[in-house]
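Worksheet for the structure shown next.
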Amino acid sequence: MKKFIPKAAALSCIIALSSCGSKPQNTQTLPDGKLDKCSIRFSWWGGDDRHEATLAAIDLWNERHPEIVIVPEYGGWDGWTEKVSSQISGGTEPDIMQINYDWLITMSNDGEGFYDLNKLSQYLDLSGFSDDVLSFGMAGGKLNAVTVSISGRGLFYNSQVYAELGAQYPSTWDELTALGQKFGENGLYPLDLDIQSGGTAWYLAVVYIQQKTGREFITMDGKLGFTEEDIKDALDFYKKLESDHVIRTVQTRTDEDGNAALYQSAEFIGGNIAGVLEWGSAVGKYEAVLPEGVLEAGPLLTDNTGNSGGWMIKPSLLYAISKNTKHPDEAAAFMDFLLNDEQCAQILGTSRGIPASSYAEQSLAESGMLSGLAKENDDMLQQLDTITISPYMELSRMKEFYNTAIESVSYNTADTQEAAHEMYVSVTEYLEKITK
């Protein structure tokens, strides 16, 4: 796996996107070196598998520390960024937050948006993390967050459906597109791409073009690496997946699923959709709605020469502490518990991916729990020369550009050249605006 690219330098010079509006003036509470009786709010997003595991971990903490009560706040991913952004703008955010990779740009470009975790070393042990991994949580020279796991998207398939059709999991792009005919004859799809989850459809097209050209879509310092023609080729590839019956059109997906995420879709649960592209750290929500052992990891696709480049990794999520918390020591102690505690690690398992903490990873390995789809996907990514995703690619506004282009070519309101031009201009202008 390609060495992680630190982004602290890039983040230190980025203009914040969410600094508008007035906030209450809060004085940061300094750590006093002792744990006091209090209640601490902890928020996260995820599927039911993550929720259940996290609530069980909180129960263990509350048994050990009845004087420090953890109040959980959780939900699905859709709308979660907007919810937390609103809380932070109003000074009502939880004490501890599970945050996404790009939030350090939008919420703490200068390192002042979250608590500096280096000040909490008495209760937060970071010795189990490499410097490269810790660098993902740096902003403005401050450690604003700790990476929970490193993850990449993988391809996962309904083994029962594939077996019934006598189909093999594809290993090349051509093999993937060829599956459309066999599945289409049976009214099924070999794969689908959930645009609701934040650019999944565009992600696969990006991997295809990165592998083809060797160029990165967005660089770590926020520059567009694709040409307009590259974007057109990516949209052509997406359109081919639709026309070859590999994936549903946006209209079909909307008609059949409404606002439901793909893992909640009757089409996926019933086997009409037989494959998904998902983060290894989040695949459990798809696994949980199918019979045990049915969902399997498939190969990461290559071209016909075996070129496997272009696949991407990133911090799947991070933990941060509110700069306004009145309980920094207690928050740090609970974060340490989530990241490093042996029993907690066994409860959480791989619901947030393979732990970045060497202590948590060792605990899972020793107990025989370092297995499953997340581990299989991680092992496959380890064999590739992966690309570290730029945090700019993850920005909510950027995902709007991706989905606008995908929808326009899917609904035939624009051809791929027109959609590519619009995306190229929009992305270029937006990146120039936020990085100057």
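- Rounding to the nearest 0.5 Å gives a distance of 11.0 Å between OG of Ser308 and CG of Leu301.
- Under the 6.0 Å cut-off for aromatic ring centres, Tyr263 and Phe268 do not qualify, their centroids lying 6.0 Å or more apart.
- Within a 6.0 Å sphere centred on CD of Glu292, other residues, nucleotides and ligands contribute 12 heavy atoms or fewer.
- Here the CD1-CG distance, from Ile313 to Leu384, works out to 10.0 Å after rounding to the nearest 0.5 Å.
- Residue pairs meeting the salt bridge (charged side-chain N to carboxylate O under 4.0 Å, His left out) criterion with at least one member in residues 340-357, sequence neighbours excluded, are Arg64-Asp341.
- In this structure Glu112 satisfies the salt bridge (charged side-chain N to carboxylate O under 4.0 Å, His left out) test together with Lys142, sequence neighbours excluded.
- In this structure a side-chain-to-backbone donor-acceptor pair under 3.5 Å is present from Ser151 to Ser281.
- Every salt bridge (charged side-chain N to carboxylate O under 4.0 Å, His left out) that Asp192 has, sequence neighbours left out, goes to Arg248, Arg253.
- The side-chain hydrogen bond (donor to acceptor under 3.5 Å, both in side chains) check on Asp59 picks up nothing, with sequence neighbours excluded.
- Judged as a salt bridge (charged side-chain N to carboxylate O under 4.0 Å, His left out), and not counting sequence neighbours, Glu422 has no contacts.
- Gln87 is linked by a side-chain contact (heavy atoms from CB on, under 4.5 Å) to Arg41, Glu73, Lys83, Val84, Thr92, Glu93, Pro94, counting only residues two or more places apart in sequence or in another chain.
- For Asp303 and Thr305, the side-chain atoms include at least one donor-acceptor pair closer than 3.5 Å.
- By the side-chain hydrogen bond (donor to acceptor under 3.5 Å, both in side chains) test, His65 pairs with no residue at all, sequence neighbours left out.
- Take Asp379 and apply the salt bridge (charged side-chain N to carboxylate O under 4.0 Å, His left out) test, not counting sequence neighbours, and it matches Lys375.
- Close placement of the Phe217 and Tyr402 rings is indicated, their centers lying within 6.0 Å of each other.
- Remark: Phe237 pairs with Trp173, Tyr208 by the ring-ring contact (aromatic ring centres under 6.0 Å, His included) rule, at least two apart or across chains.
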### Message
As a quick check of understanding, evaluate ring-ring contact (aromatic ring centres under 6.0 Å, His included) for Trp80 and Trp103, giving each step before the final call.
### Response
CA-CA 12 Å; Trp80 195 257; Trp103 292 10; 8.3 Å; no
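- Between Ala345 and Leu364 the shortest heavy-atom distance is O-CD2, 3.2 Å.
- For the residue pair Gly33 and Tyr123, the shortest heavy atom distance occurs at O-OH, 3.0 Å.
- Taking the ring axis of Tyr203 as reference, the NZ or CZ atom of Arg153 stays within 45° of it and closer than 6.0 Å to the ring centre.
- Checked against the 6.0 Å centroid threshold, Tyr286 and Phe156 do not count as a close aromatic pair.
- Looking only at atom types and distance, the side chain of Thr416 has a donor-acceptor partner in the side chain of Asp236 under 3.5 Å away.
- Shown here are the ring-ring contact (aromatic ring centres under 6.0 Å, His included) partners of Tyr74, two or more places apart in sequence or in another chain: Trp44, His51.
- Distance check, rounded to the nearest 0.5 Å: CG of Asn259 to OG1 of Thr254 gives 8.5 Å.
- Among residues two or more places apart in sequence or in another chain, the side-chain contact (heavy atoms from CB on, under 4.5 Å) test is passed with Ser390 by Ile218, Met220, Tyr392.
- For the pair Arg215 and Asp230, the salt-bridge criterion is met [side-chain N within less than 4.0 Å of a carboxylate O].
- Of the charged side-chain nitrogens involved, none lies within less than 4.0 Å of a carboxylate oxygen, so that Lys34 and Asp329 do not count as a salt-bridged pair.
- Pairs of residues two or more places apart, or lying in two chains, never qualify as salt bridge (charged side-chain N to carboxylate O under 4.0 Å, His left out) while including a residue from residues 356-366.
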